[in-house]
Number of protein chains: 2
Amino acid sequence: MATPADAADEHVVFRQYLDAVGLQGLAGAEAAGLHTSEWYALSLITLEGSLTSGELASRTGLTTGATTRLIDRLERAGYVRRVADPKDRRRVIVEPVPDGLGRIEEVLSPARRHIAEVLARYTPEQRALLFDYFRQAAPAFRAATEEIRKSAAPRRSRTTHAKGDS
Amino acid sequence: MATPADAADEHVVFRQYLDAVGLQGLAGAEAAGLHTSEWYALSLITLEGSLTSGELASRTGLTTGATTRLIDRLERAGYVRRVADPKDRRRVIVEPVPDGLGRIEEVLSPARRHIAEVLARYTPEQRALLFDYFRQAAPAFRAATEEIRKSAAPRRSRTTHAKGDS
DNA sequence: AGCAGTATCTGCATCTGTGCAGATAAATTT
DNA sequence: AAATTTATCTGCACAGATGCAGATACTGCT
């Protein structure tokens with residue numbers, strides 16, 4: 001029977017939790033030498049196992065040209081590699097480099113450690129519940145991401161830059 | 001009694017969970033028309049309630065000059081406002097604008113909704129446990145962030161730009 | 001009052017990410 | 001085999017974020 005006050009409290013708790021996770025992610029990305037779009041793309045690639053350049057372009061919302069450069073950067077930084085698709089030699093499959101994944105894990109390790117400490121305060125049954133939540137929350141967040149991107153805010157104001165509107 | 005296999009599984013679950021939350025955050029930031037550093041700064045400001053320009057500079061790791069511009073952008077976008085510090089009139093206090101926070105909440109609402117759906121699958125006791133976790137995990141993530149930033153990867157390669165190394 | 005220290009802002013230069021449009025290579029269709 | 005369509009890459013140009021150094025405004029100390 002949550003009172004309004006409790007509900008508001010939950011609201012705040014959840015917001016602060018999201019912010020904290022988000023800040024951690026951004027700090028991690030920066031520590032890994034990755035900018036937002038690179039971090040985003042690498043997450044996608046890791047999550048999917050591998051993606052073609054075109055798929056990556058549509059998932060990130062970038063043009064294919066920009067995506068080429070994005071992959072260049074990720075490749076140069078040692079996070080992914082390009083492999084030819086044997087089925088269709090026009091295609092370029094982008095897949096994570098194990099070594100790069102390791103570096104990401106390293107960046108995430110402080111979070112892992114601190115959370116492990118928190119988890120240690122719970123009983124095994126409670127921990128199981130939390131992991132069950134993680135398992136279920138991940139797809140939920142992905143669905144939320146989809147939803148947000150669909151209502152796609154047209155990237156910044158962009159001033160409609162009616163180039164020559166004198 | 002976690003077997004090694006379980007441990008590996010937990011590893012993956014947690015990783016995917018973090019990725020999902022992270023991607024959601026990035027999508028949200030973009031939908032809000034904010035770039036990484038702006039999103040980061042706004043999170044900090046919101047979390048702290050308010051910050052001075054200088055504090056924001058040191059927390060973000062930006063120079064004071066860049067921070068001025070950052071605040072300009074956030075202000076222009078309607079997320080924060082500058083107020084004079086009555087104690088020290090050199091200082092500029094940056095605080096969130098309620099209306100702006102509302103817009104952020106709106107952006108987060110899909111996540112909130114999807115997670116609410118997940119939470120609805122649990123009993124009230126279980127939900128209480130999960131919120132307890134949120135409450136404890138937030139500071140843990142913040143500590144992790146601190147830790148990551150301290151070991152501060154010097155922003156991208158930057159060629160060490162030893163300014164005057166002739 | 002004068003002086004040193006501090007907080008923020010501005011001009012200038014740079015660097016990087018991105019879109020756009022055309023180029024190239026490969027698959028598919030006729 | 002020729003034409004069309006698809007997938008990725010490259011040249012060019014632009015916008016925007018950031019560092020640096022100097023300017024400005026204010027505080028606190030002597």
Side-chain angles (χ1 to χ4, degrees), chain A residues 26 29-30 33-42 50-77 80-95 152 154-165, chain B residues 26 29-30 33-42 50-77 80-95 152 154-165:
Chain A
L26 292 182
E30 187 176 341
L34 295 172
H35 286 199
T36 310
S37 52
E38 293 153 4
W39 176 258
Y40 193 98
L42 186 55
S50 76
L51 285 173
T52 67
S53 178
E55 287 167 342
L56 193 54
S58 61
R59 296 287 291 265
T60 56
L62 295 174
T63 59
T64 60
T67 303
T68 295
R69 305 298 173 35
L70 172 63
I71 298 170
D72 287 347
R73 277 172 270 145
L74 284 176
E75 194 169 41
R76 190 149 31 78
V80 305
R81 73 180 145 219
R82 287 171 156 99
V83 299
D85 183 339
K87 305 286 184 190
D88 183 341
R89 290 174 42 203
R90 290 169 304 179
R91 281 208 169 89
V92 167
I93 297 178
V94 185
E95 61 179 31
R155 186 178 285 287
R156 186 61 75 115
S157 61
R158 271 265 168 261
T159 31
T160 15
H161 61 348
K163 184 173 63 172
D165 78 340
Chain B
L26 293 183
E30 187 176 341
L34 294 172
H35 286 199
T36 310
S37 53
E38 294 154 2
W39 177 257
Y40 192 99
L42 186 56
S50 76
L51 286 173
T52 66
S53 177
E55 286 167 341
L56 193 55
S58 61
R59 296 287 291 266
T60 56
L62 295 174
T63 59
T64 60
T67 302
T68 295
R69 306 292 172 41
L70 171 63
I71 299 171
D72 286 347
R73 276 171 272 146
L74 284 176
E75 194 169 40
R76 190 150 30 79
V80 305
R81 72 180 144 218
R82 287 172 157 100
V83 300
D85 184 339
K87 305 285 184 189
D88 183 341
R89 290 175 41 202
R90 291 168 303 179
R91 282 210 168 89
V92 166
I93 296 178
V94 184
E95 61 179 32
R155 185 178 287 286
R156 189 59 78 119
S157 62
R158 269 267 165 263
T159 37
T160 11
H161 64 345
K163 183 175 66 171
D165 78 341

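Note that this is a predicted model, so its numbers are computed, not measured. Sequence lines set the chain letters: A, B, ... in the order given, protein chains first and strands last, and positions in each chain run from 1.
Rounded to whole Å, atom C1' of C:dT6 lies 19 Å from atom NZ of B:Lys87. Residue A:Arg89 contributes atom CZ, which lies 15 Å from atom C1' of D:dT6 at whole-angstrom precision. Put simply, CZ on A:Arg69 is 14 Å from P on C:dT16, counting in whole angstrom units. Across the protein-nucleic acid pair, A:Asp72 atom CG and C:dT18 atom C1' stand 13 Å apart, rounded to whole Å. With rounding to whole Å, B:Asp85 atom CG is found 19 Å from D:dA25 atom P. Between B:Leu74 atom CG and D:dA17 atom P the separation is 10 Å, expressed in whole Å. Rounded to an integer number of Å, the gap from A:Arg91 CZ to D:dA7 P is 5 Å. Rounded to a whole Å, the NE2 atom of B:His35 is 14 Å from the P atom of D:dA15.
In this structure, the side chains of B:Leu74 and B:Leu34 come closer than 4.5 Å at one or more pairs of heavy atoms.
Contact annotation: A:Arg73 side-chain N/O to C:dC15 OP1/OP2 distance is not under 4.0 Å. Under 4.0 angstrom from either OP1 or OP2 of D:dC9 there lies at least one side-chain N or O belonging to A:Arg82.
To the nearest 0.5 angstrom, A:Ser37 atom OG is 13.0 Å from A:Arg69 atom CZ. Here CG of A:Leu26 is found 12.5 Å from OG1 of B:Thr60. Values are rounded to the nearest 0.5 Å. How far OG1 of B:Thr64 is from CG of B:Leu56: 11.5 Å, rounded to the nearest 0.5 Å. Atom-to-atom distance recorded for B:Asp85:CG and B:Ser50:OG is 9.0 Å, nearest 0.5 angstrom.
Within 4.0 Å (heavy atoms only), A:Ser53 reaches sugar-phosphate atoms of the nucleic acid but no base atom. Using a 4.0 Å heavy-atom cutoff across all strands shown, A:Thr67 reaches no nucleic acid atom at all. Using a 4.0 Å heavy-atom criterion, one finds that B:Gly65 contacts the bases of the nucleic acid, with or without backbone contacts as well.
The nucleotide whose nearest atom lies closest to any side-chain atom of A:Ser37 is, among C:dT18, C:dA7, C:dC9, C:dT18. When each of D:dG19, D:dC9, C:dT18 is scored by its nearest atom to the side-chain atoms of B:Ala66, the top-ranked nucleotide is D:dG19.
One donor-acceptor pair, N or O on each side, does fall under 3.5 Å between the base of C:dT6 and the side chain of B:Arg90.
Each of B:Glu55 and A:Thr63 was matched to the nucleotide of DNA chain C holding its nearest heavy atom; the match closer to the 5' end belongs to B:Glu55. With the nearest nucleotide of DNA chain C identified for both B:Asp88 and A:Asp88, B:Asp88 has the one nearer the 5' end.
The two atoms that bring A:Thr52 and A:Glu55 nearest to each other are N-OE1, 2.9 Å, heavy atoms only.
At least one donor-acceptor pair closer than 3.5 Å links the side chain of B:Glu75 to the backbone N or O of B:Arg82.
With A:Thr67 as the fixed residue, the side chain to side chain contact (heavy atoms under 4.5 Å, CB included) test singles out one of A:Leu62, A:Val94, A:Val92: A:Leu62.
The rotation axes computed at either terminus of the helix from C:dA1-D:dT30 to C:dT30-D:dA1 lie 20° apart, taking five pairs at each end and rounding to 10 degrees.
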